[in-house]
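Below you'll find the structure, written out as structure tokens, and then a few comments.
For the numbers below, each heavy atom of this structure counts, side chains included, while hydrogens, waters and symmetry mates do not. Small disclaimer: the values here were computed from a predicted structure and weren't measured. Chain identifiers are assigned alphabetically (A, B, ...) following the order of the sequence lines, protein sequences preceding nucleic acid strands; residue numbering begins at 1 within each chain.
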There are 2 protein chains.
Amino acid sequence: MVTLSEENYLKAIYHLGKEGTIAVSTNAIAEKIESKASSVTDMIKKLAEKNLANYVKYQGVSLTNEGRLAAASVIRKHRLWEVFLVDKLNFSWDEVHDIAEQLEHIKSLKLINELDAFLQYPTHDPHGDPIPDKQGNCSPIKSINILEIEEGKEGVLSFVKDSSDVFLKYLNKNNLALGDTIKVLDFEPFDNSLSIETKTKKLIISKEVAQNLYLSL
Amino acid sequence: MVTLSEENYLKAIYHLGKEGTIAVSTNAIAEKIESKASSVTDMIKKLAEKNLANYVKYQGVSLTNEGRLAAASVIRKHRLWEVFLVDKLNFSWDEVHDIAEQLEHIKSLKLINELDAFLQYPTHDPHGDPIPDKQGNCSPIKSINILEIEEGKEGVLSFVKDSSDVFLKYLNKNNLALGDTIKVLDFEPFDNSLSIETKTKKLIISKEVAQNLYLSL
DNA sequence: AAATATTTTTAGACAAGACTAAAAATATTA
DNA sequence: TAATATTTTTAGTCTTGTCTAAAAATATTT
Ligand SMILES: [Mn+2]
Ligand SMILES: [Mn+2]
Ligand SMILES: [Mn+2]
Ligand SMILES: [Mn+2]
């Protein structure tokens with residue numbers, strides 16, 4: 001049995017190290033999970049003991065196949081619940097993460113598979129993140145960052161890298177949502193800002209914002 | 001903040017003592033929650049400390065208004081989730097309890113209220129148990145036990161007192177479901193068994209079974 | 001009312017998961 | 001390469017929730 005706490009560590013390792021394939025540092029995990037390095041060391045040992053992680057002292061941790069599948073399963077649940085909250089329960093994309101953090105730990109294979117069917121097998125969550133399938137495989141993100149798109153071209157907003165509250169609220173405020181068609185107008189080299197056009201209006205976005213917007217062409 | 005474990009104790013006290021209004025014994029709680037009396041004593045003290053329970057040593061526990069509301073809120077969540085699982089995710093009534101035991105602890109007022117609306121404000125769960133409203137009030141059960149119905153009369157199966165796996169599976173096997181119209185044919189005083197008739201067939205049920213079936217007329 | 005049985009509480013221990021402070025290992029800089 | 005800085009681990013402590021065994025209180029029998 002994998003505990004709730006263990007699941008959170010598995011997720012952190014998965015997210016920090018290319019789906020858990022490359023080793024990540026104790027400190028990086030501590031920061032992500034908002035705990036202390038000593039707590040991380042303790043937990044890493046437990047994960048290694050349970051054959052969920054590969055651990056060599058002072059060399060960081062990566063996930064075993066078993067650990068990677070366990071992590072992907074938690075992420076699958078997280079993202080499916082986020083879709084449920086937005087599509088069925090009228091939540092907006094900036095309200096769902098904390099609740100999904102709780103729901104992702106509910107244990108029932110039938111539950112998650114039925115939920116998947118009920119939602120009609122979505123491939124992406126409300127932030128554009130891919131939903132792993134039952135085998136833990138993600139469809140790779142094929143969208144590209146808006147800064148890499150040449151002036152005059154347009155694309156559909158399909159992924160936001162930062163899905164924090166503040167950023168999502170910024171997007172809400174500026175009427176930008178997943179699925180919107182955006183045209184790149186003009187890049188300003190002085191501050192790397194970008195002027196863009198949506199169906200409804202023109203707008204200038206900063207470098208910080210642009211770095212988090214991904215379009216599919 | 002009420003912890004998961006505290007919520008389970010509140011629920012047990014609520015269920016054992018007329019919605020928590022009458023004092024229940026340490027042992028009764030221990031049995032219900034499948035723990036030991038000493039653990040119960042410890043937890044009871046914490047609940048009293050938090051003003052959720054009234055506790056006098058050696059005299060049992062009851063719930064304060066605050067405790068009763070907290071318990072009702074957990075039960076409300078449990079039953080709404082059971083409705084969700086049956087109505088939306090194709091679960092049958094004998095499969096939902098254990099998952100609802102997990103889901104009932106998810107903390108989000110908006111979540112449960114949106115779920116309530118999504119399910120169109122159900123008043124009863126898949127076992128006929130009433131769903132407390134936001135204020136913690138239950139509509140009283142108005143169904144009566146099948147043994148109290150006179151021969152020749154009929155009613156609609158609207159509540160099963162025992163909602164354990166084995167009993168629900170027995171009902172499945174005999175094609176008895178909530179909402180079915182049942183006619184009482186003949187009471188047999190020798191063993192208190194009852195012969196009944198459904199839309200599809202006649203059948204004899206034992207005293208043990210009859211005691212758990214409630215009809216509304 | 002005593003004796004006996006049962007229930008409840010207390011005392012002390014344990015596991016999980018977290019923390020602080022100190023020691024050990026590794027990385028960086030001079 | 002030696003000195004210094006940073007990261008990681010270890011050692012020891014704490015809290016929550018659980019347990020067993022023993023003591024104390026209450027209930028039931030004789
Ligand atoms: Mn999320
Ligand atoms: Mn997401
Ligand atoms: Mn139930
Ligand atoms: Mn129920």
Between B:Tyr58 and D:dA23, does any side-chain N or O lie under 4.0 Å from OP1 or OP2? no
Closest to the B:Ser5 side chain, choosing from D:dT18, D:dT7, C:dT9: D:dT18
When you check the phosphate oxygens OP1 and OP2 of C:dT9, does a side-chain N or O of B:Tyr55 lie under 4.0 Å from one of them? yes
Verify the contact: side-chain N or O of B:Asn27 to OP1 or OP2 of C:dT8, cut-off strictly under 4.0 Å; return yes or no. yes
Is the ring pair B:Tyr170/B:Phe167 parallel, tilted or perpendicular, if the boundaries are 30 and 60 degrees? parallel
Is atom NZ of A:Lys134 surrounded by more than 12 heavy atoms (other residues, nucleotides or ligands) closer than 6.0 Å? no
Could you tell me how far apart B:Ile29 (CD1) and C:dT9 (C1') are, to the nearest whole angstrom? 14 Å
note: B:Glu7, atom CD; D:dT16, atom P; distance rounded to Å ~ 16 Å
Hey, does the side chain of A:Lys57 come within less than 4.0 Å of C:dA24's phosphate (OP1/OP2), counting only N and O? no
Let me know the distance between NE2 of A:His105 and P of C:dG17, rounded to the nearest Å. 12 Å
Please determine whether a side-chain nitrogen or oxygen atom of B:Ser25 lies at a distance below 4.0 Å from atom OP1 or OP2 of C:dT7. no
Near DNA chain C, counting only heavy atoms under 4.0 Å, which residues of residues 36-52 of chain B show up? B:Ala37, B:Ser38, B:Thr41, B:Lys45
Do any N or O atoms from the side chain of A:Asn145 and from the backbone of A:Gln211 form a donor-acceptor pair under 3.5 angstrom? yes
Side chain to side chain, A:His97 and A:Ser163, heavy atoms closer than 4.5 Å: no
In terms of relative ring orientation, are B:Phe118 and A:Phe84 parallel, tilted or perpendicular, with 30° and 60° separating the classes? perpendicular
Between B:Asp94 and B:Ser92, is any side-chain donor less than 3.5 angstrom from a side-chain acceptor? yes
Under 4.0 Å between a side-chain N or O of B:Thr26 and OP1 or OP2 of C:dT9? yes
G-U wobble or Watson-Crick pairing nucleotide for C:dT6 (cut-off 3.5 Å, both distances): D:dA25
To the nearest angstrom, the CG-C1' distance between A:Leu4 and D:dT16 comes to 15 Å
Hey, does A:Val74 have a side-chain heavy atom less than 4.5 Å from the side chain of A:Tyr14? no
For DNA chain C, whose closest nucleotide is more 5', that of B:Ala28 or that of A:Gln59? B:Ala28
Please report, rounded to the nearest Å, how far the P atom of D:dT16 is from the CE atom of B:Met1. 10 Å
